[in-house]
Q: 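The structure follows.
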2 protein chains.
Amino acid sequence: MKHATIKRRFEEHLAQEGQRLTNQRTQVFECIFATHDHFSAETLFGWLRDTGDSGQVVSRATVYRTLDLLERGGFIESFNTGMGEKVYEHVMGHHHHDHMVCEECGQIQEFHDERIEALQLENAAKHGFEVRGHVLRLSGLCRKCRRQATVQD
Amino acid sequence: MKHATIKRRFEEHLAQEGQRLTNQRTQVFECIFATHDHFSAETLFGWLRDTGDSGQVVSRATVYRTLDLLERGGFIESFNTGMGEKVYEHVMGHHHHDHMVCEECGQIQEFHDERIEALQLENAAKHGFEVRGHVLRLSGLCRKCRRQATVQD
DNA sequence: GTAGGTGCAAAGCGTTTGCAACAGA
DNA sequence: TCTGTTGCAAACGCTTTGCACCTAC
């Protein structure tokens, strides 16, 4: 999906909800969709501060408020790394995926398996449960850290 | 597994680590293994305060410290509900399982599917990732809340 | 003009920690 | 005795909120 398309959707979304397109929201939006990384609220705040091309800094509060706004609007998704950190990623033009988090270096690897998704729904149905979302996070060692661990032993 | 057996293991575990069997630890242990529910640190603290059969109350700090101790010892497991709450459950004599959390009433339903576990490992192997743990949490509506939602609509 | 948005600083929440008193071993 | 453990209260990290000022519409 093209950047311009996503941006238009964002603007439409705001308009639909009777919300305003402010400078700050634009900055946050641009910053998020300029990366393909996972990021925390604090990280994003740092990016916005550092890439101060406009000189204006978006406050922490607004960063949180805008992240919330974008998540509710379905532009980004969040999940807990399990290490007390909530990380976000943009979701437009992405397929749904799950995560493997390296306990050593924090690296996040994405993966996706349609068969797992199907089995989740199967299990949910068995319990009369209606699935609205899910989190599947494997934690352990990434390839790189495994190699290093082997060398050290 | 019998309660007495688990307790003996706990005592052995403490001994092995050169740690002491204190009154407080016993109380926390008993309280946890007297239930089959999932609980948060705060909930557990409440239980300990309310079941004040001994009159003595275990402090919040000690509750947290003991939970940590038990988790590291493999007696309990924790996971995030995704609603900013970390919940624990005891794990002795239990099989591993995953969770469905109702967004409406907070009810937690357990489930287990060996096929999903296998697929997780398969995907990890594909990325050279060594799995040490995983979290699979479905969120949505439980059977009860679905029914209520239907009625209200 | 006006409802909605912002920044600030303070509060909130769940959790952790420093320290002096305490208690198993 | 002597080291590990406890309770307290303060600190913590991340997030949310109240409020006065600001700004897109």
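In this text the structure is predicted, and so the values were computed from the model without any measurement. In what follows, chains carry the letters A, B, and so on, assigned in the order in which the sequence lines appear, proteins first and then strands, with residues in each chain numbered from 1.
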Q: Given atom CD of A/Glu17 and atom P of C/dA3, what is their separation to the nearest angstrom?
A: 19 Å
Q: Are any side-chain N or O atoms of A/Asp37 and backbone N or O atoms of A/Phe39, one a donor and one an acceptor, separated by less than 3.5 Å?
A: no
Q: Indicate the ring-plane relationship of A/His90 and A/Phe33, choosing parallel, tilted or perpendicular according to the 30° and 60° boundaries.
A: tilted
Q: Is A/Val63 reachable from A/Tyr88 through a run of I, L, V, M, F, W or Y residues, each pair having side-chain heavy atoms under 4.5 Å apart?
A: yes
Q: Are A/Glu71 and A/Ser78 linked by a side-chain donor-acceptor pair shorter than 3.5 Å?
A: yes
Q: Please report the distance, rounded to the nearest Å, between CG in B/Asn23 and P in D/dT5.
A: 14 Å
Q: Could you point out which residue of A/Gln109, A/Met100, A/His112 forms a side-chain contact (heavy atoms from CB on, under 4.5 Å) with B/Asn123?
A: A/Met100
Q: Taking only the side-chain nitrogens and oxygens of A/Thr22, find out if one of them lies under 4.0 Å from OP1 or OP2 of C/dT6.
A: yes
Q: I'd like a list of close polar pairs between nucleotides 10-12 of chain D and the protein, N/O only, cut-off under 3.5 Å.
A:
none

Q: Is the A/Phe29 ring parallel, tilted or perpendicular to the A/Phe10 ring (thresholds 30°, 60°)?
A: parallel
Q: Does the side chain of B/Glu89 pick up a donor-acceptor pair with the side chain of B/His99 at under 3.5 Å?
A: yes
Q: Is the shortest side-chain heavy-atom distance between B/Glu122 and B/Glu117 below 4.5 Å?
A: no
Q: Have a look at the helix from C/dG1-D/dC25 to C/dA25-D/dT1 and give the angle its two end axes make, five pairs each, rounded to 10 degrees.
A: 30°
Q: Within this structure, what is the CZ-to-P distance between A/Phe39 and D/dC14, rounded to whole angstrom?
A: 16 Å
Q: If I take atom CD in residue A/Gln27 and atom P in nucleotide C/dG5, what distance separates them, rounded to the nearest angstrom?
A: 17 Å
Q: A/Glu77 and A/His96: side-chain donor and acceptor closer than 3.5 Å?
A: no
Q: Hey, does A/Glu42 reach any base, or is it just sugar-phosphate, or nothing, if we go heavy atoms under 4.0 Å?
A: nothing
Q: Hydrophobic clusters here meaning ILVMFWY residues chained together by side-chain heavy-atom distances under 4.5 Å, can you tell me if A/Leu44 and A/Ile6 are in one?
A: yes
Q: Could one point to a donor on the side chain of B/Arg60 or the base of C/dT15 with an acceptor on the other under 3.5 Å away?
A: no
Q: Write down the distance between CD (A/Glu11) and C1' (D/dC25), rounded to a whole number of angstrom.
A: 14 Å
Q: Considering the options B/Arg147, B/Arg146, B/Lys144, which one meets the salt bridge (Lys or Arg N to Asp or Glu O under 4.0 Å) requirement together with A/Glu130?
A: B/Arg146
Q: With the threshold set at under 4.0 Å for non-hydrogen atoms, list the residues of residues 61-71 of chain A touching DNA chain D in residue-number order.
A: A/Ala61, A/Tyr64, A/Arg65
Q: How long is the line joining CZ of A/Arg25 and P of C/dG7, in whole Å?
A: 11 Å
Q: In terms of ring plane angle, is the pair A/Phe75 and A/His13 parallel, tilted or perpendicular, where the classes change at 30° and 60°?
A: perpendicular
Q: Just to confirm, is there a sub-4.0 Å distance from OP1 or OP2 of C/dG7 to any side-chain nitrogen or oxygen of A/Gln24?
A: yes
Q: Let me know the distance between CZ of A/Arg72 and C1' of D/dT16, rounded to the nearest Å.
A: 13 Å
Q: Is any side-chain nitrogen or oxygen of B/Arg20 closer than 4.0 Å to OP1 or OP2 of C/dA23?
A: no
Q: Can you tell me the distance, in whole Å, between the CG atom of A/Leu21 and the C1' atom of C/dG5?
A: 12 Å
